[in-house]
Participant: 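Let me give you the structure first, and then I'll get to my questions.
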Amino acid sequence: MAPPARYCVPGERLCSAEEATAGGGTYVRHGSIFASLAGCLQRRADGGGLPVVSVVRDAEVQLLPGVGAVVTCKVCSINSRFAKVNILYVGSVPLKSTFRGTIRREDIRATEKDKVEVYKSFRPGDIVLAKVISLGDAQSNYLLSTAENELGVVVARSEAGVQMVPISWCEMQCPQTHIKDFRKVARVQPQFLQT
């Protein structure tokens, strides 16, 4: 198991200059290596020589959802106009912090947009594959779309708490109670399956 990340602040002494080479985000003074940034301490072996010590800002490590990225998110709440979600993964990479997103009614399906009903597409707790279509508004919400066959609900639980099985592009069924529920079901591509 990897040791927990060590965070440091500017001016903090990291080690002696004899133990390591100063990398990015550090400086040497009076025979010691100090942090010049607030961030995460990284120590890399340098092919037989002294290890390189550097400090990396969280922002440089953090992956951000970009326009066109396929994201995995969890539905938090729904109303008649949109679903609010928390973005958990970009592609197959888990995010360090949660980003909020919105799937508007008109972005749920590619066809018959005026007939779409949010509660027949998503329910709170559903895991959904969606695509980022814009970086959104002042509330820092990402606008997401499920208007492709590959996008939509990938995991949903029935009222009995059992994971439901997709039976068509718009329905899922509880294998225990056999009750059917409407969903905007994703036809998942193999590369997006979390095994």
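Just so you know, these numbers use all the heavy atoms, side chains as well, and skip hydrogens, waters and symmetry mates.
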Participant: Nearest 0.5 Å, please: how far is OG in S16 from NE2 in H30?
Facilitator: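 Here the interatomic distance stands at 13.5 Å.
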
Participant: Within the 4.5 Å heavy-atom criterion, are V153 and M172 side-chain neighbours or not?
Facilitator: yes

Participant: Considering only residues two or more places apart or on different chains, which pairs with a residue in residues 10-23 satisfy salt bridge (Lys or Arg N to Asp or Glu O under 4.0 Å)?
Facilitator: R6-E12

Participant: Check K131 with E148, please: is the shortest side-chain N to carboxylate O separation under 4.0 Å?
Facilitator: yes

Participant: What pairs of donor and acceptor atoms, side-chain ones from residues 75-84 against any protein atom, are under 3.5 angstrom apart with sequence neighbours left out?
Facilitator:
from: N79; atom 1: OD1; to: R81; atom 2: N; distance (Å): 2.8
from: N79; atom 1: OD1; to: F82; atom 2: N; distance (Å): 2.9
from: K84; atom 1: NZ; to: T102; atom 2: OG1; distance (Å): 3.4

Participant: Does the side chain of L14 reach to within under 4.5 Å of the side chain of C8, using non-hydrogen atoms?
Facilitator: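 The answer is yes, as the side chains (C-beta and beyond) meet within the 4.5 Å cut-off.
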
Participant: Please say yes or no: joined through hydrophobic side-chain contacts below 4.5 Å, possibly via intermediate residues, are I127 and V162 part of one cluster?
Facilitator: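 Per the 4.5 Å side-chain linkage, I127 and V162 are not co-clustered.
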
Participant: Taking all non-hydrogen atoms of both residues into account, name the closest pair between V52 and G23 and its distance.
Facilitator: CG1-CA, 3.8 Å

Participant: V155 versus Q163: any side-chain heavy-atom pair under 4.5 Å?
Facilitator: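 Touching, per the 4.5 Å side-chain cut-off.
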
Participant: Is there a side-chain contact between N86 and R100 in this structure, where contact means two heavy atoms from C-beta onward sitting under 4.5 Å apart?
Facilitator: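 In contact.
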
Participant: Considering only heavy atoms from C-beta outward, does the side chain of V67 approach that of I133 to under 4.5 Å?
Facilitator: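 SC-SC contact between V67 and I133 ruled out.
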
Participant: Pick out which of V132, V90, I87 makes a side chain to side chain contact (heavy atoms under 4.5 Å, CB included) with F99.
Facilitator: I87

Participant: Using side-chain heavy atoms (C-beta onward) and a distance below 4.5 Å, is L143 in contact with R104?
Facilitator: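 SC-SC contact between L143 and R104 confirmed.
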
Participant: Hydrophobic cluster membership, with links at side-chain heavy-atom distances under 4.5 Å among I/L/V/M/F/W/Y: are L135 and V71 in one?
Facilitator: yes

Participant: Supply the atom-to-atom distance R157 CZ to E159 CD, rounded to the nearest 0.5 angstrom.
Facilitator: 14.0 Å

Participant: Which atom names give the shortest non-hydrogen contact between A160 and C174, and what distance separates them?
Facilitator: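 Minimum heavy-atom contact is CB-SG, 4.5 Å.
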
Participant: How long is the straight-line distance from CG of L41 back to OH of Y7, given to the nearest 0.5 Å?
Facilitator: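 The distance works out to 11.0 Å.
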
Participant: Taking the side chain as C-beta and beyond, is there a heavy-atom pair between T72 and V128 under 4.5 Å?
Facilitator: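 In short, these two side chains do not touch, never coming nearer than 4.5 Å.
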
Participant: Kindly determine whether S36 and V55 satisfy side chain to side chain contact (heavy atoms under 4.5 Å, CB included), including the steps that lead there.
Facilitator: CA-CA 8 Å; S36 63; V55 177; over 6 Å; no

Participant: If I compare all heavy atoms of I108 with all of K184, which pair ends up nearest, and what's the gap?
Facilitator: O-CE, 3.5 Å

Participant: Tell me if a side-chain donor or acceptor on Q42 pairs with a main-chain N or O of S54 at a distance below 3.5 Å.
Facilitator: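 Side chain of Q42 to backbone of S54, a donor-acceptor pair under 3.5 Å: no, none is there.
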
Participant: Which pair of heavy atoms, one from V28 and one from A22, lies closest together, and at what distance?
Facilitator: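 In this case the closest contact between V28 and A22 is CG2-CB, 3.7 Å.
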
Participant: Please list every donor-acceptor pair under 3.5 Å in which a side-chain atom of residues 116-125 meets a protein atom from a residue at least two apart or in another chain.
Facilitator:
from: S121; atom 1: OG; to: E117; atom 2: O; distance (Å): 3.1
from: R123; atom 1: NE; to: Y119; atom 2: O; distance (Å): 2.9
from: R123; atom 1: NH2; to: Y119; atom 2: O; distance (Å): 3.3

Participant: Quick check: does any side chain N or O of S32 sit under 3.5 Å from a backbone N or O of R29, one acting as donor and the other as acceptor?
Facilitator: no

Participant: Ion pair present between R183 and D181, side-chain N to carboxylate O less than 4.0 angstrom?
Facilitator: yes

Participant: Looking only at heavy atoms, what is the nearest atom pair of V154 and A186, with distance?
Facilitator: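 Minimum heavy-atom contact is CG1-CB, 3.8 Å.
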
Participant: I need the C170 SG to R109 CZ distance, nearest 0.5 Å.
Facilitator: 7.5 Å

Participant: Look up atom CZ in R43 and atom SG in C15, then write down how far apart they are to the nearest 0.5 Å.
Facilitator: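 That separation rounds to 5.0 Å.
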
Participant: So Y27 and F34, would you call those rings parallel, tilted or perpendicular, with 30° and 60° as cut-offs?
Facilitator: parallel

Participant: Ignoring hydrogens, what is the shortest heavy-atom contact between A130 and I103? Give both atom names and the distance.
Facilitator: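 Nearest pair, atom of A130 first, then I103: CB-CD1, 4.5 Å.
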
Participant: So that I can tick it off, tell me whether D126 and K74 are bridged by a salt bridge, with the cut-off set at under 4.0 angstrom between side-chain N and carboxylate O.
Facilitator: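 Looking at K74 and D126, the cut-off is not met.
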
Participant: Can you tell me how far OG1 of T21 sits from CG of L50, rounded to the nearest 0.5 angstrom?
Facilitator: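 The OG1 atom of T21 is 4.5 Å from CG of L50, to the nearest 0.5 Å.
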
